[in-house]
Amino acid sequence: MLEKELKIVILMTSGPKTPWRCATPFYIATLMAAQEADVEIFFNMDGTNLIKKGVAEKICPSLEGNCFSANGQKPKTVYDFMKDAKLAGVKFYSCKQAVDSMGLTEEDLIPELDGIVPASEFALRAMLADKLITF
C-alpha cells in the first residue's frame with residue numbers, strides 16, 4: 001500500500017476512432033484505485049464519445065474490432081472496463097466545452113459520470129495532482 005494517498009488525473013482523449021487505446025486507461029485506473037490512490041478520469045476530445053450512452057458498450061479494445069475471442073467467448077468491452085474502474089472508486093468527469101460542442105445533454109451521458117466541468121477545472125486538478133497521465 002501507499003505511504004500517502006496519491007492524486008492521479010488521467011486525461012482521456014482516445015475514443016471510438018482508436019478502440020485499441022480505450023481499455024488500458026480504465027484498467028490502470030482500477031489498479032491505482034485498488035492501491036488507495038485518488039483517481040480521476042477527465043474525458044475530452046474523442047474521449048468524450050465514450051461517455052455517450054451505448055457507445056463504449058460497442059467498443060472492443062482490439063485492432064480488429066471483433067468482440068468475440070477465438071473460442072467464441074465474448075471478451076470485455078470498453079464499458080466493462082469503465083464499470084470496473086467505477087467499482088474501484090475512480091471518478092469520471094467530462095469537459096463542459098467538449099460536451100457542449102458535441103450537442104450532448106446530461107440525458108445523453110452514462111450514469112457513471114460524476115460531473116461535467118469546465119476545462120479550467122481540469123487544468124487546476126492537473127496542476128494539483130501528483131501524477132498526470134494522458135491517453
Checklist entry - Among all residues two or more places apart in sequence or in another chain, which pass the ring-ring contact (aromatic ring centres under 6.0 Å, His included) test with Phe42? => result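 ring-ring contact (aromatic ring centres under 6.0 Å, His included) check on Phe42 returns Phe122.
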Checklist entry - For Tyr93, which residues count as a ring-ring contact (aromatic ring centres under 6.0 Å, His included) partner, sequence neighbours excluded? => result none
Where is the tightest heavy-atom contact between [X] and [Y], given as atom of each residue plus distance?
X      : Y      : value
Thr48  : Ala98  : OG1-CB, 3.4 Å
Val55  : Ile59  : O-CG1, 3.4 Å
Thr30  : Ala85  : OG1-CA, 3.1 Å
Ser14  : Leu50  : O-CD1, 3.6 Å
Tyr79  : Glu112 : OH-OE2, 2.7 Å
Phe135 : Arg21  : C-NH2, 3.3 Å

Hey, what do you get for [atom1] ([X]) to [atom2] ([Y]), rounding to the nearest 0.5 Å?
X      : Y     : atom1 : atom2 : value
Ile8   : Met32 : CD1   : CE    : 5.0 Å
Ser94  : Phe92 : OG    : CZ    : 11.5 Å
Thr13  : Asp46 : OG1   : CG    : 8.0 Å
Asn49  : Lys52 : CG    : NZ    : 4.5 Å
Leu113 : Phe43 : CG    : CZ    : 7.0 Å

Would a single hydrophobic cluster contain both [Y] and [X], if residues Ile, Leu, Val, Met, Phe, Trp and Tyr are joined by side-chain heavy-atom contacts under 4.5 Å?
X      : Y      : result
Leu132 : Val39  : no
Leu104 : Met45  : no
Leu87  : Met82  : no
Val117 : Ile110 : no
Ile41  : Met102 : yes

Quick check: does any side chain N or O of [X] sit under 3.5 Å from a backbone N or O of [Y], one acting as donor and the other as acceptor?
X      : Y      : result
Gln97  : Ala119 : yes
Asp130 : Leu6   : no
Lys86  : Val90  : yes

Next on the checklist: Contact between Pro25 and Ile133 at the side-chain level, heavy atoms closer than 4.5 Å - yes or no?
Outcome noted: no
Checklist entry - When you look at NZ of Lys53, are more than 12 heavy atoms from neighbouring residues, nucleotides or ligands closer to it than 6.0 Å? => result yes
Item to check | N-O pairing of Glu40 and Lys7 below 4.0 Å | outcome: yes
Checklist entry - Is Asp38 salt-bridged to Lys91, cutoff N-O under 4.0 Å? => result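 Here Asp38 does not pair with Lys91 in a salt bridge, since their nearest N and O are not under 4.0 Å apart.
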Checklist entry - For Met127, which fellow cluster members are found when Ile, Leu, Val, Met, Phe, Trp and Tyr are connected by side-chain heavy-atom distances below 4.5 angstrom, either directly or through intermediates? => result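 Members besides Met127, by chain and number: Leu124, Leu128.
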Checklist entry - Knowing that exactly one of Val78, Asp84, Ile10 qualifies, which makes a side-chain contact (heavy atoms from CB on, under 4.5 Å) with Phe26? => result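 Passing option: Val78.
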Item to check | CA sep, side-chain torsions, deciding dist, call: Leu109, Ile116, side chain to side chain contact (heavy atoms under 4.5 Å, CB included) | outcome: CA-CA 10 Å; Leu109 306 176; Ile116 301 169; 3.6 Å; yes
Next on the checklist: Could you walk me through whether Asn44 and Met12 satisfy the side chain to side chain contact (heavy atoms under 4.5 Å, CB included) test, starting with their C-alpha distance in whole Å, then the side-chain angles of each, then the deciding distance to 0.1 Å, before giving a yes or no?
Outcome noted: CA-CA 6 Å; Asn44 200 351; Met12 185 63 179; over 6 Å; no
